[in-house]
Amino acid sequence: MIPLQPVIITFTILSLRYAYSQQYYDHTPCSSHTTNPAAAYTCASAGTSCPTFIVYRTNRHFSTVSAISTLFQTDSRTLLSVNPNVSTPSQPLPSGHELLVPVTCSCAADRVYRSYFTYTATQHTSISEIACAVYEGLVKSDALTAENRALGNGVSAGSTLRLPLKCACLDEVFENDPVKYLVAYPLIEGDTTKKLAGKFNVAEEEIWRFNRMDPFAPPVFPNTTVLIPVRDEPLINFSIPDADPPTLQFLPTQPVEKRRNAPELRKLYIAGSVIGTFLMAALTISCCLYMKALKKFKIERIRSMNSCSTPISSPFSAPPTRSSTNSCLSPDLLVGVKYSLRSYSIEEISSATKNFSGEVKTSGGIYRCGSGEANAMMMIKEMRLEKTRQVIDVHSRINHVNIVKLRGVCYGGGDDEEDRTSSCCYLVFELPVNGSLRDYLKSSSGALQWHRRTQIAFDIATGLHYLRYSVTAYTDQLRLSSDNVYLSSSWRAKIFVSGENRRSSGVDRSGEMFDFGVVLMEVISGKEVGVDERGVREAMGFMGEKEGGCFDQLRSFVDSSLRDDYPLAEALCMAVLAGSCVDHDPMHRPSIEDVLKILARML
């Protein structure tokens, strides 16, 4: 008789190895902060390693085998040998072309598979940009941050990072399995497991099995990775078309066999009829009771509305200006109920501003400082009580990702209304970490890449469109400039609506388009442009040149820190758009909808 204990131990070891060999698919995107245990591919025995492959897509920065071999510290001939569709290291490849990169995958001490590389930043960037853009999600931002804690989130030019790229090996339990490699594949929009199965000539069920996926058409998401089990040296089939969008279709019908037990079936029909009749009767009675109650409610509501003289409004709101003055459910009341601000003490404001020191004070009476709450940054704006109420009322109607958020308020005077009226108040706004657009464009510490500049322009236009068409009773004429546009940690633009950066009421709203054109010129050139028409005309003088001269002048107009790393056609289109926005005749300027359509094509 075979002893039971050794059998159990052997079975347990094999089960654990099998669990490590079959990895879990991690659906969270590259930049997300997660504690998901599937965020890395786990292993059983530290120190083991294997040769395997990852897939990398060409882009405008890495468009040749030579450039990609440098990125992965390998030899160009090695890449050519596993990518037979490419003939020479310098052959320019179309953007998105997939290449196989051979790597050595090792089981680290923390029982996670990794393939280590180094990367030296050529300009100021972020951890997320390197993980999700340069390395296309083959390493998650959290893992890259943990590996390079000394650098923080910001990465300056010349910094060298250690990259733990995701990979996986087959353990001993699969030594008789026909699968030879687990290829790490970064997913993009339109990818499906069926498409990947055809691209690598493997069974779709095998992909499900090795990634522990739900076998019923599991969803996969862009900016994540999946393992492709291949039985031989991997080879990508480029004839597989992109995934088609899902189409509506009917499920196939299946014939139903006629049951032999007719009496039992007849009893079921009778029972079903009785239950159906009962339910219909109950539904009819319920409908009648509901209609009766609704009628009674409407009568009471009309009486209640007639008894109300004025709407209730927020204590921070300006006098009611809405049209529904006869309703107790005034929108102003709903705003007051939903919108709330933190109340700061004058001591907190004084401490944050270093006793209102000029060190942290900028133009426009704004203090930029930390709040002490997890070292959060904020802007503190000083203004009179009446203006404070107007700004709070405006921000109570704003909720948009491209508008700087109002966080709190401090009344700097005494406890009663009379003392407050005679004193200054302080509004506390969020301070996006990368500061104002103008300050960053003037800074020599780093340059905004072209794709970020087009995104910033689109964000500003989106914010202006929101303020104009989606904010109820917003009539302020915003005086837009690069000084009141701020940049978040992900380089998204936010407009600062402080209540004092406004145009006079006599200015046509199309003046906002003139301001937007000036900001757009600064985004292109990286230089401050005068807001008067003469300064704008001088800056855009090259637009009147002949074709050849126009392009030469355009290159000199575009920010030199870009070093010609931008699409010339897009730069010309952006410059033409800026020129039309500052046209002398406001009727010839484009609408904000037209601006959004043009910029959206560049993203």
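Fair warning: this is a prediction, and the values are worked out from it, not measured in the lab.
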Task: pair K527-K442: side-chain heavy atoms closer than 4.5 Å - done: no

Open item on the list: Can you classify the ring geometry of Y566 versus W450 as parallel (below 30°), tilted (30 to 60°) or perpendicular (above 60°)?
Closed with: tilted

Open item on the list: Regarding R368 and D439, does a basic nitrogen lie under 4.0 Å from an acidic carboxylate oxygen?
Closed with: yes

Task: Aromatic centroids of Y486 and F429 separated by under 6.0 Å - done: no

Open item on the list: Strictly below 4.0 Å, N to O, side chains only: are D26 and K140 in salt-bridge contact?
Closed with: yes

TODO: Check whether any side-chain heavy atom of L187 sits under 4.5 Å from a side-chain heavy atom of T225, and report yes or no.
DONE: no

Task: Salt-bridge present (D559, R453; N to O < 4.0 Å) - done: yes

Task: Ionic contact status for D583 with R589, cut-off 4.0 Å - done: no

Task: Minimum side-chain heavy-atom gap M513-I592 below 4.5 Å - done: yes

Open item on the list: Check the orientation of Y440 and H124. Use parallel for under 30°, tilted for 30 to 60°, and perpendicular for over 60°.
Closed with: tilted

Open item on the list: Taking the two cysteines C425 and C410, do their sulfur (SG) atoms come closer than 2.5 angstrom to each other?
Closed with: no

- [ ] Considering only NZ, NE, NH1 and NH2 on the basic side and carboxylate oxygens on the acidic side, decide whether D515 and R479 come within less than 4.0 Å.
- [x] yes

TODO: Flag yes if more than 12 heavy atoms outside K405 fall under 6.0 Å of its NZ atom; otherwise flag no.
DONE: yes

Open item on the list: Taking the basic N atoms (NZ, or NE/NH1/NH2) and the acidic carboxylate oxygens, is any pair closer than 4.0 Å for D393 and R397?
Closed with: yes

- [ ] For the residue pair D594 and L577, establish whether any side-chain heavy-atom pair is separated by less than 4.5 Å.
- [x] no

Open item on the list: Within a 6.0 Å radius of atom NZ on K597, are there more than 12 heavy atoms belonging to other residues, nucleotides or ligands?
Closed with: no

Open item on the list: Side chains of Y426 and V409, heavy atoms from C-beta outward: is any pair under 4.5 Å?
Closed with: no

